[in-house]
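Below is one structure; the comments refer to it alone.
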Amino acid sequence: MADEQGLTPRAQDFSAWYNEVVLRAELADYSPVRGCMVIRPYGYGIWENMQRALDGMFKATGHQNAYFPLFIPMSFLEREKEHVEGFAPEVAVVTHAGGKELEEPLVIRPTSETIIYAMFAKWVQSYRDLPLLINQWANVVRWELRTRLFLRTAEFLWQEGHTAHASEAEAEEETLRMLGVYREFMDDWMAMPPVLGRKTESEKFAGALRTYSCEALMQDNKALQAATSHNLGQNFARQFELKYQTVTGGEDYAWNTSWGASTRLVGGLVMTHGDDVGLVVPPQLAPIQVVIVPIYRSEEERTQTLGAADQVAAALRAQQVRVHVDARDTVKPGAKYFEWERKGVPLRLEIGPKDLERGQVMAVRRRELEGLARKEPLPMDAVATLVPQRLGEFQRALLEAARRRREENSYRGIESYDRFREIVEGPGGFIYAGWCGSAACEAKVKEETKATIRCLPFEEFRTPEAPTRCLVCGGEAKHEAVWDRAY
RNA sequence: CGGGGCGUAGCGCAGUCCGGUAGCGCGCCUGCUUUGGGAGCAGGAGGUCCUCGGUUCGAAUCCGAGCGCCCCGACCA
């Protein structure tokens with residue numbers, strides 16, 4: 001670290017900065033097991049808020065939670081060819097249990113399509129049993145060679161939605177609906193606005209017909225795939241005999257979708273809003289939205305300011321504000337400021353003798369954002385109404401700032417491959433360019449620049465004037481693609 | 001799995017080249033004074049120097065092997 005109290009500046013070493021923020025804000029810690037991490041209470045608090053929000057949205061769109069086992073028979077995974085090929089290198093396998101070698105090895109789920117659709121097959125007989133809309137919150141294991149806190153760990157927490165439908169159109173609608181849910185979550189809760197689009201064949205989920213994703217742009221201008229939604233077609237249904245009787249009495253395989261988002265989102269949050277002081281958590285997801293720091297000298301002042309702090313806290317809690325009073329007597333106010341800023345608490349209220357005299361509290365925002373004063377006094381008797389407003393403003397300003405940063409670092413109308421390379425190898429960012437649709441052109445760019453097609457963006461994200469030529473071969477452009485290096 | 005770096009007190013590090021029995025800052029504990037942006041003074045606790053083996057009268061230091069972690073690359077939510 002640059003010095004013992006500050007962090008390595010982002011501009012100097014983004015990667016080091018990221019690790020330091022995660023550790024120093026007490027989001028997570030390294031575990032004794034290589035590639036795994038311990039999510040600490042503060043980090044888990046953010047994840048719990050994410051879960052709560054997403055879970056509510058899943059329920060609102062008709063899904064129910066269930067839980068499927070961690071262990072999957074090896075033979076299940078092997079049934080879908082593309083699927084097993086995609087995951088084989090990274091699965092962990094249990095070969096021994098109960099002191100004996102198992103007859104059939106058990107895979108620790110890298111994802112649960114196989115076991116879930118095997119169960120769906122038992123539960124679905126008729127079109128009347130469809131759609132079946134299930135979600136599970138679970139841990140999964142993917143034995144990655146190279147890991148990073150939150151962004152890629154051997155074990156991670158996520159949710160995986162799995163649905164079965166009676167028609168391809170319905171499955172496609174569901175796939176896009178859930179992509180939209182993720183988008184709404186990222187906009188409204190995380191203030192991390194994604195670009196939506198379809199994945200290319202080489203980037204799609206192993207076993208899917210089509211994959212869609214939400215791609216967010218981090219502060220180092222690398223892309224983060226933040227959520228994916230897959231139309232699985234009938235691929236898994238065929239392998240697991242997930243059949244149903246149609247309205248007309250015939251028989252057909254069900255159409256499946258799956259969609260997921262993981263604790264990786266926490267890493268995205270850090271890399272979207274954090275600054276050189278530390279973490280910045282959007283109010284909607286902050287475990288602590290407001291921290292109150294009393295300031296005093298004498299014992300009498302201590303009693304008074306702490307009393308006022310408790311009163312303000314109670315008034316805010318009545319407004320559903322998550323508030324913490326830092327009443328520690330052994331730490332000076334300045335030290336508390338730094339600590340809570342490092343942890344990204346959106347709003348701090350300072351209450352000292354001078355404030356009490358004036359009947360006010362001093363409010364300080366975590367980050368300076370356009371149009372919003374960093375410090376302002378709030379009348380004591382209006383705190384309960386003003387603080388929720390300030391939190392809302394801060395949330396909106398974070399989204400606005402993130403959106404602006406994304407657009408400022410997006411490049412459109414790039415036609416020359418040399419120019420493309422200049423951007424990728426220089427500042428980086430989302431590069432919109434034409435693509436002929438050939439895997440060869442896609443692979444060439446990846447090999448030469450490490451940039452990949454993050455997605456083929458949906459209409460609303462596309463450039464008004466569609467590219468006509470493929471960035472790589474100069475042939476006719478079939479799509480506009482968003483390229484970038486990615487996490 | 002290749003390249004680089006690093007393993008010494010809870011954290012960050014010095015000491016290693018040139019062997020002589022372990023130190024600095026932060027943090028922690030006690031007391032007093034402090035408290036509006038990382039407090040001061042005094043006292044104190046805390047270390048199998050990653051592991052194993054070798055060389056030596058003597059190893060944190062030299063030699064060999066192994067393990068672990070971080071960063072960069074190939075593969076990936």
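Only heavy atoms go into these numbers, but all of them, side chains included; no hydrogens, no water, no symmetry mates.
- Residue contacts shown for A:Lys336 are absent, as no nucleic acid heavy atom lies under 4.0 Å away.
- For A:Arg297, taking side-chain heavy atoms from C-beta onward, the closest of the listed nucleotides B:rG36, B:rU35, B:rG37 is B:rU35.
- Among the atoms of the strands shown, base atoms are found under 4.0 Å from some heavy atom of A:Thr153.
- At a threshold of 4.0 angstrom between heavy atoms, the contacts of A:Glu350 include nucleobase atoms, whether or not backbone atoms are also involved.
- Among pairs with a residue in residues 286-298 of chain A, those fulfilling side chain to side chain donor-acceptor pair (under 3.5 Å) read A:Tyr296-A:Asp329, at least two apart in sequence or across chains.
- Under the side chain to side chain donor-acceptor pair (under 3.5 Å) criterion, A:Ser15 pairs with A:Arg148, sequence neighbours left out.
- The C1' atoms of B:rG44 and B:rC52 are separated by 36 Å, rounded to the nearest whole Å.
- Listed by chain and residue number, nothing satisfies the ring pair (Phe, Tyr, Trp, His ring centres under 6.0 Å) test with A:Phe71 (two or more places apart in sequence, or in another chain).
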Under-3.5 Å N/O pairs linking protein and nucleotides 68-70 of chain B:
| residue | atom | partner | partner atom | Å |
| --- | --- | --- | --- | --- |
| B:rC69 | OP1 | A:Arg34 | N | 3.3 |

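- Comparing the C1' positions of B:rG20 and B:rA60 gives a spacing of 13 Å, expressed to the nearest Å.
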Review item, nucleotides 2-8 of chain B N/O atoms under 3.5 Å of protein N/O:
none

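- The residue A:Pro89 sits apart from the nucleic acid: no heavy atom pair falls under 4.0 Å.
- Within residues 180-201 of chain A, no residue approaches RNA chain B, by heavy-atom distance under 4.0 Å.
- Across all strands shown, B:rC28 forms a Watson-Crick or G-U wobble pair, both distances under 3.5 Å, with B:rG44.
- Each of B:rG37, B:rG36, B:rU35 was ranked by its minimum atom distance to the side chain of A:Arg374; first place goes to B:rG37.
- Taking the six-membered ring where the residue is Trp, A:Trp259 and A:Tyr182 present perpendicular rings, their angle passing 60° and hence far from 30°.
- Pairing of B:rC6, defined by two Watson-Crick or G-U wobble distances under 3.5 Å, is identified with B:rG68.
- Between the side chain of A:Trp17 and the backbone N or O of A:Asp275 there is at least one donor-acceptor pair closer than 3.5 Å.
- Using cut-offs of 30° and 60° for the angle between ring planes, the A:Trp340 and A:His324 rings count as tilted.
- Salt bridge status for A:Lys354 with A:Glu301: absent, with no side-chain N to carboxylate O gap under 4.0 Å.
- No contact: A:Gly260 has no heavy atom under 4.0 Å from any strand.
- Among the atoms of the strands shown, none is found under 4.0 Å from any heavy atom of A:Glu299.
- Nucleic acid contact class of A:Arg342 (heavy atoms, under 4.0 Å, all strands): base.
- Distance noted for atom C1' between B:rC62 and B:rU16: 10 Å (whole Å).
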